[in-house]
Amino acid sequence: MSDVWTLAVITGLAVVTVVTRSFFFISSRAWALPRWAERGLKYAPIAALAAVVIPEIVTTHGQLIQSWDARVFGALAGAAVFFWRRSVLATIVAGMAVYLPLRLALGW
Amino acid sequence: MFLAALVRRHPEFRIGMRAMAPQAPGVAAWGLMTGVAMAKSGLSLAESTLMALLVYAGSSQLASLPLIVAGAPAWVILATGFCVNLRFVVFSLHLRPYLVHLPLWQRLAHGYVTADMAYAIFTQRFPQPAADDEGRRAQESFLAGSCAVNWSSWVAASLLGIALANFIPTHWGLGFAGILCLVGILCSLATTRLRVVSAIVASVAAVAAYALPLKLNIVLAIAIAVLLCMTMERLPSRRERAEVLE
């Protein structure tokens, strides 16, 4: 079902990527960032990332998880290793090393 | 072009490539599993390939797949993609002073390729935008170099994932590598106590408001976290209060 609609939606999503990633420098017209926005900018990037990532770790089908979940332990292990080694790759390796056995062997 | 010889030959281009290289396997693992997810979702080979080559945004691809397969209205899919990508809107505000001197299409090209990891590495290396032309050229070259590695490892791994989809069962849960990649970047942004507060508040709000349509929980979570942190910033610290008491 490689229909025109699907191809158009995929192209639309590519446009969304360009627009969101360039949002505040699409226009080059000079304007100064208001003082309050500059202050808010210190906290917004991490908030935006947390709002995307954390629900992926602690919810299943839109519900907060109710039992042991391999994702939580994997993420905690990954975060701990990040603060130890300061490497995103080490985070992924350690997180997967905790997550996969829990998921595949214990079914968490 | 942002891969112009002038940029590519600049020493910072290689430095940017080297800065991204250690992260490339993580990005690739995430790309691989996004490729598998696309191929298994019911998209045709051509559609999966087109998505891998064009969209270049893992989390919005994964969020849109079930909607596309279910035949949701196009505006719902695009609005969901926009909300999932909202962090890039915030990043773009941060990156504006670094890139705004470039011509429009170069700004768009830079924006398009600057994904999470490139943003994190770039702002870590250059906390302040350059004040002169040479500095701007160096920063642009570093960004282009790191993005080149980021983009090629992502796209190559995505295409490989599409090709190998039938050999990698989804129940292995390898897609979790992508979440861990973002967890690492999240931790790298946690440089002050109030930023940690911001992340925690945004997490709680995003989970609590998860039922909102179009991923608007992300919009709400950012607003609450930022407003709260800006308020807390105004509160006197414990030391200041102690000094007042003395």
* Which bit of B:Ile179 is near chain A, if near means a heavy-atom gap under 4.5 Å: side chain, backbone, both or neither? -> both
* Asked: So which of A:Val81, A:Leu49, A:Ile54 has the biggest tally of heavy-atom pairs under 4.5 Å with chain B?
  -> A:Leu49
* Which bit of A:Leu64 comes within less than 4.5 Å of chain B, counting heavy atoms only: side chain, backbone, both or neither? -> side chain
* **Residue A:Ser28 versus chain B: region with a heavy atom under 4.5 Å** => both
* CH2 on A:Trp36 to CG on B:Leu227, rounded to 0.5 Å -> 9.0 Å
* **Within residues 30-39 of chain B, residues adjacent to chain A where the heavy-atom gap is under 4.5 Å** => none
* Any donor-acceptor N/O pair, A:Arg39 side chain to B:Met230 backbone, under 3.5 Å -> yes
* Where along residues 78-93 of chain B does a heavy atom come under 4.5 Å of chain A, listed by residue number? -> B:Leu78, B:Gly81, B:Phe82, B:Val84, B:Asn85, B:Arg87, B:Phe88, B:Val89, B:Val90, B:Phe91, B:Ser92, B:Leu93
* To do: Specify the closest pair of heavy atoms between A:Leu7 and B:Glu47, including all atoms of both residues, with the distance to one decimal.
  => CD2-CG, 3.8 Å
* Find the one option among B:Arg107, B:Met51, B:Arg195 whose heavy-atom pairs under 4.5 Å with chain A are most numerous. => B:Arg107
* **Heavy-atom closest pair, residues B:Cys181 and A:Val88** => O-CG1, 3.7 Å
* Structure fact -> Most heavy-atom pairs under 4.5 Å with chain A, out of B:Cys187, B:Ala202, B:Ser59, belong to B:Cys187
* Part of A:Val16 within contact of chain B (heavy atom distance under 4.5 Å) -> both
* Asked: Which residue pairs satisfy the salt bridge (charged side-chain N to carboxylate O under 4.0 Å, His left out) criterion with at least one member in residues 85-96 of chain A, sequence neighbours excluded?
  -> none
* Asked: Atom NZ in A:Lys42, atom OG1 in B:Thr192: separation rounded to 0.5 Å?
  -> 7.5 Å
* B:Ala206, B:Ser203, B:Ala225: which one forms the most heavy-atom pairs within less than 4.5 Å of chain A? -> B:Ser203
* **From OH (A:Tyr43) to CD (B:Glu233), nearest 0.5 Å** => 3.5 Å
* chain B contact via A:Ala30 - side chain, backbone, both or neither, heavy atoms under 4.5 Å -> backbone
* B:Tyr56 versus chain A, the contacting section by heavy-atom distance below 4.5 Å -> both
* Structure fact -> Honestly, the part of B:Ala72 sitting under 4.5 Å from a heavy atom of chain A is backbone
* To do: Tell me, for B:Ser188 versus chain A, whether the close heavy atoms (under 4.5 Å) come from the side chain, the backbone, both or neither.
  => both
* Region of A:Trp5 that comes under 4.5 Å of a non-hydrogen atom in chain B -> side chain
* Structure fact -> Residues B:Tyr210 and A:Glu56: closest non-hydrogen pair is OH-OE2, 4.3 Å
* Asked: Considering all heavy atoms of both residues, which atom of A:Ile46 and which atom of B:Ser198 are nearest to each other, and what is their separation?
  -> CG2-OG, 3.7 Å
* chain B contact via A:Ile26 - which portion, at a heavy-atom distance below 4.5 Å -> both
* Using a cut-off of under 4.5 Å on heavy-atom pairs, state which of A:Ser27, A:Gly78, A:Ser87 scores highest against chain B. => A:Ser27
* Structure fact -> If you tally heavy-atom pairs under 4.5 Å between each of A:Phe23, A:Phe83, A:Tyr99 and chain B, the highest tally belongs to A:Tyr99
* To do: Pick whichever of B:Ala177, B:Ala221, B:Ala211, B:Ala223 has the most heavy-atom pairs under 4.5 Å with chain A.
  => B:Ala177
* Please state whether the side chain, the backbone, both or neither of A:Arg71 comes within less than 4.5 Å of a heavy atom of chain B. => both
* Contact winner vs chain B - A:Ala8, A:Gly40, A:Gly12, heavy-atom pairs under 4.5 Å -> A:Gly40
* To do: Run the numbers on B:Val183 and A:Ile57 for side chain to side chain contact (heavy atoms under 4.5 Å, CB included), then give the verdict.
  => CA-CA 10 Å; B:Val183 166; A:Ile57 298 171; 3.8 Å; yes
* Side chain, backbone, both or neither: which part of B:Ala57 has an atom under 4.5 Å from a heavy atom of chain A? -> both
* To do: Select, from B:Gly111, B:Pro97, B:Ala205, the one with the greatest count of heavy-atom pairs under 4.5 Å involving chain A.
  => B:Gly111
* Selection residues 206-218 of chain B - residue pairs positive for salt bridge (charged side-chain N to carboxylate O under 4.0 Å, His left out), sequence neighbours left out -> none
* Flag if over 12 foreign heavy atoms under 6.0 Å of CD, A:Gln63 -> no
* About how many Å separate CG of B:Leu95 and CZ of A:Phe24, when rounded to the nearest 0.5 Å? -> 12.0 Å
* To do: Against chain B, work out which of A:Ala70, A:Ala94, A:Ala37, A:Ala79 has the most heavy-atom pairs shorter than 4.5 Å and name it.
  => A:Ala79
* Asked: What distance do A:Thr17 atom OG1 and B:Gln61 atom CD have between them, rounded to the nearest 0.5 Å?
  -> 7.5 Å
* Asked: What are the two closest heavy atoms between A:Leu41 and B:His94, and how far apart are they?
  -> CD2-CA, 4.0 Å
* **chain B contact via A:Phe82 - side chain, backbone, both or neither, heavy atoms under 4.5 Å** => side chain
* Indicate the atoms forming the closest heavy-atom contact of B:Gly26 with A:Ile92, along with that distance. => CA-CD1, 3.2 Å
* For A:Leu13, is it the side chain, the backbone, both or neither that has a heavy atom under 4.5 Å from a heavy atom of chain B? -> both
* To do: Can you tell which part of B:Ala63 gets under 4.5 Å to a heavy atom of chain A, answering side chain, backbone, both or neither?
  => neither
* Heavy-atom contact with chain A under 4.5 Å, split by part of B:Ala209 -> neither
* Structure fact -> In this structure, CD of B:Gln23 is separated from OG1 of A:Thr91 (nearest 0.5 Å) by 8.5 Å
* Asked: Side chain, backbone, both or neither: which part of A:Leu100 has a heavy atom under 4.5 Å from chain B?
  -> side chain
